[in-house]
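The block underneath contains the structure these notes are about, expressed in structure tokens.
Note: hydrogens, waters and symmetry copies are ignored here, and every other heavy atom, side chains too, is used.
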Amino acid sequence: MFRRGVLYPLHAHPLVKPATRSLAAVSPAFDPRAGTVGPFQVFDRHAKRLQKDRAAARAGGARSRTVDYVRDEVADRMMERLLDIRRRFDTIVDLGAGAGHFSRLLDREITRKVRMLDISQTSLDRDRGDEFEVEVERQQADEEELLKVLEPNSQEAIVSCLSLHWVNDLPGTFIQIKNALKPDGFFLAALFGGDTLFELRTSLQVAEAEREGGISPHISPMTDTRDVSNLLGRAGFTLLTVDVDEVKVSYPSMWELMEDLSDMGEQNAVVERRHTIHRDTLVAASAIYKELHGLADNTVPATFQIIYLIGWKAAPSQPKPLERGTGKQNLKEVL
């Protein structure tokens, strides 16, 4: 019997029902299938592909489906933002689509077709095509080498649901996304922020420092919310919107959280990671987790900080601010 976390809104009671540089060139060539790591890589993309493949294949995909709750929740919140656009697209590219958590929410009033791209072919093929309302094309592709599969100035809209936090060159990937869009093209994304899983991170650090006399990176580094809007602006996007939200999930203990992260394919993929951790260190971390962060109902919380991004590729038709000094209304009269 598979365990799953209990998902609840940020301000709700935890016992609600579970929710079933400027870029001079494209990032250095790196084949995630080659089993090698480039000289300036933070994340091991080959290891990440294998993690996602294994997670999607376990028990014929059943275990992966059991832990869809975080991605499904974030996909729902992304869809709310997309519906505010009030524009129909012929084709939407879902970058880092996984099993299609966002794509399956699309209907024919939004788009005719969705093109799902992901580093893991096993994740792309996990679910049947009849679960989608629109035409679906699935293609294995690396988010870091987007322009190898998308022509410049070719796409109306690109979305990404919880994938870009594993990209090594995030500024370069933003530039590639912008270059792939047509003028006035739309970009919508959600990625994990730096405060994600801070409870697990601090518990492991304290336990490892006490038991082993030092700490290692067991939780992958993630983007700081203060940097994202600057990165989008440097990439050339206009009309930017960046907001932050949280998804909180309660678990019986740290062990169930770690099991679910594995079934999500969200294990640590830092190049310099340790591949093992002592059992007694994990036992101590579990006790510290419950002591520092435990809830009144004897469960432990896990916080997933979500950064939502919206940007547009510049076009002459877009509204532009007036030049300084051209205003006709005195602000003092308005205030």
Side-chain angles (χ1 to χ4, degrees), residues 26-27 32 43 45 48-49 52 68 70-83 85 89 91-106 110-111 113-120 123-124 136-150 154-182 185-193 196 220 222-223 225 227-229 231-232 235-237 240-245 247 264-266 269 304-313:
V26 175
S27 304
F43 302 117
R45 298 284 292 171
K48 178 49 57 184
R49 180 182 65 82
K52 295 182 73 172
D68 279 346
V70 173
R71 286 191 172 89
D72 287 346
E73 175 67 21
V74 174
D76 284 337
R77 300 184 187 187
M78 285 180 61
M79 181 56 64
E80 293 175 0
R81 290 161 171 80
L82 179 62
L83 293 175
I85 302 304
F89 305 96
T91 302
I92 293 178
V93 173
D94 190 350
L95 183 61
H101 307 85
F102 181 83
S103 293
R104 67 166 54 91
L105 300 178
L106 297 169
I110 299 173
T111 186
K113 175 182 176 181
V114 60
R115 187 175 177 186
M116 294 167 52
L117 307 179
D118 197 274
I119 196 173
S120 167
S123 296
L124 287 171
V136 176
E137 177 186 346
R138 311 178 206 219
Q139 181 179 2
Q140 184 177 18
D142 189 348
E143 296 96 325
E144 295 186 347
E145 298 179 342
L146 184 61
L147 294 180
K148 286 188 176 182
V149 294
L150 298 180
S154 64
Q155 304 302 316
E156 298 174 89
I158 298 177
V159 302
S160 180
C161 180
L162 297 183
S163 170
L164 296 179
H165 56 283
W166 290 118
V167 167
N168 284 297
D169 182 10
L170 188 58
T173 300
F174 282 161
I175 291 174
Q176 291 186 68
I177 291 171
K178 188 263 296 181
N179 289 343
L181 289 170
K182 297 178 179 179
F186 173 69
F187 173 51
L188 168 65
L191 63 158
F192 288 128
T196 295
S220 298
M222 299 176 190
T223 306
T225 56
D227 297 333
V228 173
S229 59
L231 293 179
L232 285 172
F237 284 100
L240 305 179
T241 302
V242 177
D243 64 292
V244 182
D245 201 355
V247 174
M264 293 175 190
E266 290 294 332
F304 297 86
Q305 183 186 51
I306 314 298
I307 307 174
Y308 297 94
L309 322 172
I310 293 177
W312 297 81
K313 185 169 182 177

I want to check something: taking the side chain as every heavy atom from C-beta on, are [X] and [Y] in contact at a cut-off of under 4.5 Å?
X      : Y      : result
Leu170 : Val228 : no
Phe304 : Val74  : no
Val167 : Phe174 : no

Which value, rounded to the nearest 0.5 Å, describes the distance between [X] atom [atom1] and [Y] atom [atom2]?
X      : Y      : atom1 : atom2 : value
Ile177 : Leu146 : CD1   : CG    : 6.0 Å
Arg81  : Leu83  : CZ    : CG    : 11.5 Å
Gln155 : Asn179 : CD    : CG    : 12.5 Å

Looking at every non-hydrogen atom in both residues, tell me the closest pair between [X] and [Y] and how far apart they are.
X      : Y      : answer
Ile119 : Gln140 : O-NE2, 2.9 Å
Leu117 : Ala141 : CB-CB, 4.3 Å
Ala180 : Ile158 : CB-CD1, 4.1 Å
Asp169 : Glu144 : N-OE2, 4.1 Å
Val149 : Arg115 : O-NH2, 3.1 Å

(request) Classify the ring geometry between Trp166 and Phe43 as parallel (under 30°), tilted (30 to 60°) or perpendicular (over 60°). (result) perpendicular
(request) Fit a plane to each ring of Phe186 and Trp312, take the angle between them on a 0 to 90° scale, and name the class: parallel (under 30°), tilted (30 to 60°) or perpendicular (over 60°). (result)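 Rings of Phe186 and Trp312: tilted, 30 to 60°.
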(request) Determine whether the side chains of Asp118 and Ser123 contain a donor N or O and an acceptor N or O closer than 3.5 Å. (result)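 No, no side-chain donor-acceptor pair sits under 3.5 Å.
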(message) Asp94 and side chain to side chain donor-acceptor pair (under 3.5 Å): which single residue from Ser160, Ser103, Ser163 fits?
(response)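 Testing each of Ser160, Ser103, Ser163 against Asp94, the sole residue satisfying side chain to side chain donor-acceptor pair (under 3.5 Å) is Ser103.
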(request) Determine, for Tyr308 and Arg77, whether the Lys NZ or Arg CZ falls below 6.0 Å from the six-membered ring centre while staying within 45 degrees of the axis. (result)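 Ring-cation test returns no.
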